[in-house]
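Working notes for the structure below.
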2 protein chains.
Amino acid sequence: MPLTEDAPPSARDRADALEEELRDRICLLDYPPGMRLAETELAEEFGISRTPLRRVLARLEAAGLLVSVHGVGTFVTDLRDEELDQIYRLRLELAQLAATLDPVPPDAALLARFRDIGARAGALTPDPACQRAFARLIMDFVLAQKALSANVPLMDFATHLYFQTARIWLHSLQASALDLTEEMTLFAREVAQVTAALEAGDLQAAALLHRAHVSLSWTRIRQRRLTDPQS
Amino acid sequence: MPLTEDAPPSARDRADALEEELRDRICLLDYPPGMRLAETELAEEFGISRTPLRRVLARLEAAGLLVSVHGVGTFVTDLRDEELDQIYRLRLELAQLAATLDPVPPDAALLARFRDIGARAGALTPDPACQRAFARLIMDFVLAQKALSANVPLMDFATHLYFQTARIWLHSLQASALDLTEEMTLFAREVAQVTAALEAGDLQAAALLHRAHVSLSWTRIRQRRLTDPQS
DNA sequence: TCGGTGAACGTTGTGTACATCATTGAAGAT
DNA sequence: ATCTTCAATGATGTACACAACGTTCACCGA
């Protein structure tokens, strides 16, 4: 694995790392929806030319996170309420499929990873400055779940859908449309429940619990949407 | 829509058209798995430089149809039996989800499209020269089904998975691992049954029929796999 | 004052030359 | 004869200059 080796990273490794970095910045709202990204500035920041950068931007555009307009700029995409609902409906179904298709019992290392996430979730404080750490923790939780099924296309797609919803959810959180304390408490509870189910070896229960919490999260977003309708 | 307008196509239109063309060539086995694609030759064929071509190749690589290796070449990917099975298992589940999540009753134009596909399927002759036309017809059938659900991410993903399996299935067909006459007959029957269900307004039945035929197709591939095991 | 027009500017898209990498083949030492 | 070495070759990856495009704002006319 190139991440631990001290060998010089290949072109593919550099591109993958750059894509992951930009994706995180988008999902963690360093680059909020609608923001314009200047190719020249980004290339300068990462010490590369526009050519390899544009290759990464093309992949992010294919993933639906960016959109480039000739002569205007490259913008972070936004999601209409309808699109967000479609994605959430899909995420609910896929959450259960993960336990049905090619489930993989977690090993000791993975269980430790879930426990660590739970510990960090319990240590969160409802401080606006911790919102980014909170969002990153949720991302780690979703990424850890990828190992619970050997069905690679399924888990990749589920993660892809999460990346779509993450920034919208976090945007609602930052806009105080959601209660930070409540969200943190519920997330800590979700991680604890899912981890307990995994330790009991019941992947089906873990999937149902995750699905239930995703559904509740979606419901909270929809409820807040009625008060201040957007585009 | 830019396809019917005589206005000069934008850069995005050209890239989309090129990606579609290359994707079709891969899925129709003009470029079989393992084949090397020379960027210089492709760029020359389409009358462009390597720069915009590489942008399209990057998207196809993100879609899992190509893989580029520095200093060696760009190759059409192959699927191991295990990967193919994972995708088929997933396709079966998604086929039903299409009728559950945001189903859209077909309008007259879409029904006519399905009937046309059925007519062309009935006119197929078990001639090896018609294999490509057969594969294209199946592709049209899958693409027409995209309109049966308003859940864009779901249908896009289902189509994406089809593109993965299509070339492997066609490869088995060309290797005479599958019976051409039988496959044509079964496909014509599937289209007829699905169309009848759609005309009756029963999207759930249409989805179940499609799922059943995908499952049977997968079973036929697996049965043939036992006789001559591959990688 | 208001509306239209066009030139300047900044952005993404494209072409081209070069760098980097992996393979291949022949030449040389053992 | 066989293994090693390395130069030649052709591929993808990168940098840079320029073209194409859309916006903006100043200017001009009514």
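A, B, ... follow the sequence lines: proteins, then strands. Residue 1 opens every chain.
One N or O on the side chain of A:Thr219 and one on the backbone of A:Ser215 form a donor-acceptor pair closer than 3.5 Å. Side chain of A:Ser217 to backbone of A:His213: no donor-acceptor contact under 3.5 angstrom is found.
Taking 4.0 Å as the cut-off between side-chain N and carboxylate O, A:Asp24 and A:Arg136 count as a salt-bridged pair. Between B:Asp85 and B:Arg222 there is no salt bridge, since no side-chain N of the basic residue sits under 4.0 Å from a carboxylate O of the acidic one.
The stretch residues 64-72 of chain A comes close to DNA chain C through A:Ser68, A:Val69, A:His70, A:Gly71, A:Val72, each having a heavy atom under 4.0 Å from the strand. Less than 4.0 Å separates DNA chain C from at least one heavy atom of each of the following residues of residues 43-63 of chain A: A:Arg50, A:Arg54.
Note on residues 152-173 of chain B: pairs passing salt bridge (charged side-chain N to carboxylate O under 4.0 Å, His left out), not counting sequence neighbours, are B:Lys146-B:Asp156. Listed by first and then second residue, the salt bridge (charged side-chain N to carboxylate O under 4.0 Å, His left out) pairs that reach into residues 56-69 of chain B are A:Arg12-B:Glu61, A:Arg55-B:Glu61, B:Asp16-B:Arg59, B:Glu19-B:Arg59, sequence neighbours excluded.
At a threshold of 4.0 angstrom between heavy atoms, the contacts of B:Thr74 are confined to the sugar-phosphate backbone, with no base atom among them. Contacts of B:Arg14 with the nucleic acid, taken as non-hydrogen atoms under 4.0 Å apart, involve only primed sugar atoms and P, OP1 or OP2.
You can see that DNA chain C meets the heavy atoms of chain A within a 4.0 Å-exclusive cut from C:dG10 to C:dT14, reading 5' to 3'. Here chain A contacts DNA chain D (any atom closer than 4.0 Å to a heavy atom, that is under 4.0 Å), and the contacts span D:dG13 to D:dG22 from 5' to 3'.
For A:Phe134, the ring-ring contact (aromatic ring centres under 6.0 Å, His included) partners two or more places apart in sequence, or in a different chain, are A:Trp169, A:Phe187. In this structure A:Ser49 satisfies the side chain to side chain contact (heavy atoms under 4.5 Å, CB included) test together with A:Thr51, A:Pro52, sequence neighbours excluded. Scanning for side chain to side chain donor-acceptor pair (under 3.5 Å) contacts around A:Arg25 gives A:Glu21, A:Tyr31, A:Glu45, with sequence neighbours left out. Residues forming a side chain to side chain donor-acceptor pair (under 3.5 Å) with B:Thr100 (at least two apart in sequence, or on another chain): none. Considering only residues two or more places apart in sequence or on other chains, A:Arg120 meets the side chain to side chain donor-acceptor pair (under 3.5 Å) condition with A:Asp116, A:Asp140.
No side-chain heavy atom of A:Leu65 sits under 4.5 Å from any side-chain heavy atom of A:Leu22. By the 4.5 Å heavy-atom criterion applied to side chains, B:Pro33 and B:His171 are counted as neighbours.
The CD atom of B:Glu83 sits 9.5 Å away from the CG atom of B:Asp81 when rounded to the nearest 0.5 Å. Going from atom CG of B:Leu90 over to atom CD1 of B:Ile87 covers 8.0 Å, rounded to the nearest 0.5 Å.
Secondary-structure stems of DNA chain C, taken as three or more successive Watson-Crick or G-U wobble pairs (i with j, i+1 with j-1) under a 3.5 Å distance threshold, comprise C:1-30 with D:1-30.
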